[in-house]
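Structure first, commentary second.
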Amino acid sequence: MSIPPDIACLKDYERHAQQALPPQAWAYIYGASADEHTARGNEQAYAELKILNRTLVDVSAGHTRLDLLGHSLQHPILLAPVAYQKLAHPDGELASAAAASAQDALFVLSTLSSSTIEDVARSAAGPKWFQLYFQNSAEQTLQLVRRAEQSGFSAIVVTVDAPINGLRNREQRSGFRLPDGISAVNCPSKEIPQSNAGESHVFQGLMSRAPTWKDIEWLKSQTRLPLLVKGIINPADAIMAAETGLDGIVISNHGGRTLDTLPSPIEVLPLISKHINGEIPLIVDSGIRRGTDIFKALALGADAVMIGRPIMYALATAGALGVAHTIRLLRDELELTMALCGCETLSDITTECLWQPA
Ligand SMILES: Cc1cc2nc3c(=O)[nH]c(=O)nc-3n(C[C@H](O)[C@H](O)[C@H](O)COP(=O)(O)O)c2cc1C
């Protein structure tokens, strides 16, 4: 697979992926919850923020390095946990993990990976974290954590915003089902909790085993790895995460895939950043498609960012090469933006770099 010559940015990969993927897989990957207001709003919120550049600054010693939870990283672009990557390419997570390593990007593996934890670990020479969904029992949950620990994953990212599936209408209309041969190979088959007659399918059924803050505290006591929560939008939850002693927060609305009409992470970031005040790292995802988006997130208090769908678009278009190219494009765009704003390092990117109308 080679990179099509007309690709200049991430949106070009999106266009190619739509052509390359079966319509049902496209609906699953591109789609979002209900009327998809949140998914559209994620990108729109970045477009509406304006940058205030600086000229005539010497940036000849510039770089994008940072330290994040024990890792020295070359740049702040992480690959978000994305389920079932074999939908986009036969090598799935093995390809994206290898691409992440080649481009010095930290890789986050989904619980719903279509490749085994151990195989991905062998493919990813660079830093990698494991994204955890709580399983049917504490034992099964711990089994996943232990496998991640033994395979060299260096943090656990618990996703907390999707205890039940979002109402993904586009996906439902398309009739999407996982094709034969693609499944969540690391998970025991999930038993769907049933409700009794007269009870709510949601409250007494699906949510009856959903994790709470107590489970997060329990998990913290079970692993020595840094523990992050992913899917925080409400500043009250961010404060709770810090008070619980967690090691980081991923501010995310799941790319608009769980609850429609949530605000975008970039909109809530200033308030969360104010409350957290540098105590623990803040990572932002949902709608990052440009180096300028990364710059804006860092200006408002993020330490790093993650990309989700762009991994699948790149995989579908050009496999591992596409993912590596996607990371490189974003990094180049970030460096360019920093240079044109007189920022030599990530810590030079502050709110002063954004235009704030009086
Ligand atoms: C197809 C798909 C599958 C996803 N699977 C997971 C998952 O298994 N676990 C998780 O925490 N987030 C999952 N996400 C959410 C991403 O981690 C991330 O939050 C989101 O994609 C970021 O938004 P973006 O796609 O606009 O970059 C998934 C997203 C997509 C598009």
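Start at 1 and go down the list; that is how both ligands and their atoms are numbered.
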| Relative to each other, are the rings of Tyr84 and Tyr28 parallel, tilted or perpendicular (30° and 60° limits)? | tilted
Residue part near ligand 1, for [X], under 4.0 Å between non-hydrogen atoms:
X	value
Ser252	side chain
Gln85	neither
Tyr133	side chain
Met312	neither
Val82	both
Pro81	both

| query | Hey, any chance Ile251 and Trp213 share a hydrophobic cluster, counting ILVMFWY side chains that come within less than 4.5 Å of each other, even indirectly? | reply | yes
| task | Compute the shortest N/O to N/O distance between Gly287 and ligand 1 and return yes if it is under 3.5 Å, no if not. | result | yes
| message | I want to know if ligand 1 touches Arg309 in the polar sense, i.e. an N/O pair below 3.5 angstrom. | response | yes
| task | Answer yes or no: does atom NE2 of His201 have more than 12 heavy-atom neighbours from other residues, nucleotides or ligands under 6.0 Å? | result | no
| field | Ring centres under 6.0 angstrom apart (Tyr313, Trp26) | value | yes
| Under 3.5 Å, is there a donor-acceptor pair linking the side chains of Gln204 and Ser195? | no
| Closest candidate by heavy atom, reference atom 29 (C) of ligand 1, pool Gln131, His254, Glu43, Arg257 | Arg257
| request: Test Glu335 against Thr64 for side chain to side chain contact (heavy atoms under 4.5 Å, CB included), laying out the working first. | output: CA-CA 7 Å; Glu335 289 184 3; Thr64 58; 3.7 Å; yes
